[in-house]
Amino acid sequence: QPAWALAIHGGAGTITKESMTPELEQQYQEKLDEALQAGSEILKNGGTSLDAVCAAINVMEDSPLFNAGKGAVFTAEGINEMDASIMNGENLMAGAVAGVKRIKNPILAARAVMEKSPHVMLMGDGAEKFAQDQGIELVDSSYFFTENRWNSYLKAREKASKENFG
Amino acid sequence: TCGAVALDKHGNLAAGTSTGGMTYKMKGRVGDSPIIGAGTYADNNGCAISATGHGEFFIRNVVAFQINALMKYKDLSLDEAARYMIFEVLKPIGGEGGVIALDTLGNISMPFNTAGMYRGTITSDKNAEVKIYGDE
């Protein structure tokens, strides 16, 4: 039985070898490995599972490869709206944020809701105000923009427009 | 969406999930990621779960909580419980996605019913392993 363990995911979907270039595949592998190393470094040194979860997710939130944080997809209105949650298995405490647009790392805000408020979920402007009060970094919404996601948004908008007009 | 589940040296589980939602989603739409019990759950008496996929299906079927409940109350193994929810409950109704699951014994299960899922594991006795496609 291992003394500690960590598993991560970066999303599921229509991910095939045909849709991936070797370079992009390499980027994903390296970033996932970086996330594993960030979390495992904490666990190996006796840190908590909560710290490890946040460290691993922060790596993926900061990467434009994944649909969270920088690299989040766009809504129909062309903005980024992010959600996150966290739960502690020791005491069943939980925290979440929904519909936030300026929190750089939403998982840290979810943790702050869990640990520093009597609530489980905060949403929108209130969640952002709370995060700011807790010293969590807020960024301009342009931080989340990536060309790749914007192009996906434009394609989806075009498809929706064609569907609307038959 | 991205997520992580961890077991520390003190025997405590944790789970977290973070997402940008679905491309071109309706403004204000919220998926399963921030819903405790749907996309995220952790219980030292069961398991830690983080989900990714079509959120509405994960919310209606309370997927993360159900995996934990199947372990606690029906005595299923982690892998049996996780696979049951992904392949027997979600797949027949068109609920696409997957979960990463971890119990206090360090067992890991990562079932998904899509073509691929970006995923990785590392434990105190196994080196890091990263996989992407379904046939790996």
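Letters go in sequence order (proteins before strands), and every chain restarts at 1. For clarity, every value in this text was computed on a predicted model and none was experimentally measured.
Contacts between A:R111 and chain B at a heavy-atom distance below 4.5 Å are absent for every atom of the residue. Using a 4.5 Å cut-off between heavy atoms, A:N80 makes no contact with chain B at all. Residue contact with chain A, scored on non-hydrogen atoms closer than 4.5 Å, involves the side chain of B:I36 exclusively. Contact annotation for A:E25: both backbone and side-chain heavy atoms come within less than 4.5 Å of a heavy atom of chain B. Contacts between A:A56 and chain B at a heavy-atom distance below 4.5 Å involve the side chain alone, from C-beta outward. Contact annotation for B:L102: only side-chain heavy atoms (C-beta onward) come within less than 4.5 Å of a heavy atom of chain A. Both the backbone and the side chain of A:Y153 come within less than 4.5 Å of a heavy atom in chain B. For chain A, no part of B:A101 is nearby; none of its heavy atoms comes within less than 4.5 Å. Contacts between A:V100 and chain B at a heavy-atom distance below 4.5 Å are absent for every atom of the residue.
Of the listed residues A:S152, A:A72, A:A84, the one with more heavy-atom pairs under 4.5 angstrom with chain B than any other is A:A84. Of the residues considered (B:M22, B:E96, B:K131, B:K27), B:K27 shows the highest number of contacts with chain A, using heavy-atom pairs under 4.5 Å. Interface remark: of the candidates A:A96, A:A3, A:S40, A:A3 forms the most heavy-atom pairs closer than 4.5 Å to chain B. Contact count against chain B (heavy-atom pairs under 4.5 Å) is highest for A:G89 among A:A68, A:G124, A:G89. When each of B:N107, B:N113, B:I100 is checked for heavy-atom pairs under 4.5 Å with chain A, B:I100 comes out on top. The most heavy-atom pairs under 4.5 Å with chain A, out of B:G31, B:G98, B:G53, B:G21, come from B:G21. Of the residues considered (B:G97, B:G20, B:G46), B:G20 shows the highest number of contacts with chain A, using heavy-atom pairs under 4.5 Å. Between chain B and the residues A:I8, A:I86, A:V73, the largest count of heavy-atom pairs under 4.5 Å involves A:I8. No other option in B:D125, B:T1, B:N45, B:V130 has as many heavy-atom pairs under 4.5 Å with chain A as B:T1.
In this structure, the side chain of A:E81 engages the main chain of B:G28 through a donor-acceptor pair within 3.5 Å. The closest donor-acceptor contact from the side chain of B:K25 to the backbone of A:A76 lies at 3.5 Å or more, if one exists at all. Side chain of B:H10 to backbone of A:G46: a donor-acceptor contact under 3.5 angstrom is found. The closest donor-acceptor contact from the side chain of A:S85 to the backbone of B:T40 lies at 3.5 Å or more, if one exists at all. Side-chain atoms of A:D83 never come within 3.5 Å of backbone atoms of B:V30 as a donor-acceptor pair (strictly under, hydrogens ignored).
The structure places CD of B:E136 at 6.0 Å from NZ of A:K17, a figure rounded to the nearest 0.5 Å. In this structure, A:Q1 CD and B:T123 OG1 are separated by 11.0 Å, a value rounded to the nearest 0.5 Å. B:I122 contributes atom CD1, which lies 9.0 Å from atom CD of A:E41 (distance to the nearest 0.5 angstrom). In this structure, OG in B:S124 is found 10.5 Å from NZ in A:K44, a value given to the nearest 0.5 Å. Atoms CD1 and OG, from A:I57 and B:S50 in turn, are 6.0 Å apart once rounded to the nearest 0.5 Å. Rounded to the nearest 0.5 angstrom, B:M117 CE and A:H9 NE2 are separated by 7.0 Å.
Between A:M82 and B:S18, every side-chain heavy-atom pair lies at or beyond the 4.5 Å cut-off. Within the 4.5 Å cutoff, the side chain of B:V5 has no heavy atoms near those of the A:V53 side chain. Proximity of A:M20 to B:I132: side-chain heavy atoms (C-beta onward) are separated by under 4.5 Å at one or more points. A heavy-atom distance below 4.5 Å is not found between the side chains of A:T75 and B:Y24. The side-chain heavy atoms of A:N67 and B:T19, taken from C-beta on, include a pair separated by under 4.5 Å. Side chains of A:S49 and B:L13 form no contact here, defined as non-hydrogen atoms less than 4.5 Å apart. In this structure the side chain of B:Y118 reaches within 4.5 angstrom of the side chain of A:L32, judged on heavy atoms.
Residue B:F65 is not grouped with residue B:I35 when hydrophobic side chains (ILVMFWY) are merged at heavy-atom distances under 4.5 angstrom, including chains of intermediate members. The hydrophobic clustering, which links ILVMFWY residues whose side-chain heavy atoms are closer than 4.5 Å, places B:V99 and B:Y84 together. Two different hydrophobic clusters hold B:M26 and B:F57 under the rule that ILVMFWY side chains link at heavy-atom gaps under 4.5 Å. A:M93 and A:L108 fall within a single hydrophobic cluster, where Ile, Leu, Val, Met, Phe, Trp and Tyr are joined by side-chain heavy atoms under 4.5 Å apart, directly or via other members. A:L65 and A:V59 end up in different hydrophobic clusters when Ile, Leu, Val, Met, Phe, Trp and Tyr side chains are linked at under 4.5 Å.
Nearest heavy-atom pair across B:G16 and A:I107 is CA-CD1, 4.1 Å. In plain terms, the two heavy atoms of B:I108 and A:A7 that are nearest each other are CG2-CB, 4.1 Å. A:L6 and B:A4 make their closest contact through CD1-CB, 4.4 Å (heavy atoms, listed as atom of the first residue, atom of the second, distance). Closest approach of A:L43 to B:A6, counting heavy atoms only: CD1-CB, 4.2 Å. Between B:T52 and A:A12, the shortest heavy-atom contact is OG1-N, 3.3 Å. Smallest separation of non-hydrogen atoms from B:P34 and A:A98: CG-CB, 4.4 Å.
B:D75 CG: 12 or fewer foreign heavy atoms inside a 6.0 Å radius. Within a 6.0 Å sphere centred on NZ of B:K72, other residues, nucleotides and ligands contribute more than 12 heavy atoms. Sparse packing is recorded around CG of B:N127, with 12 or fewer heavy atoms of other residues, nucleotides or ligands lying under 6.0 Å away.
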*Please lay out, stage by stage, how B:T23 and A:F74 fare under the test side chain to side chain contact (heavy atoms under 4.5 Å, CB included).*
CA-CA 6 Å; B:T23 299; A:F74 291 89; over 6 Å; no
*Can you check side chain to side chain contact (heavy atoms under 4.5 Å, CB included) on B:D43 and A:L92, steps first, answer last?*
CA-CA 6 Å; B:D43 177 357; A:L92 304 187; 3.9 Å; yes
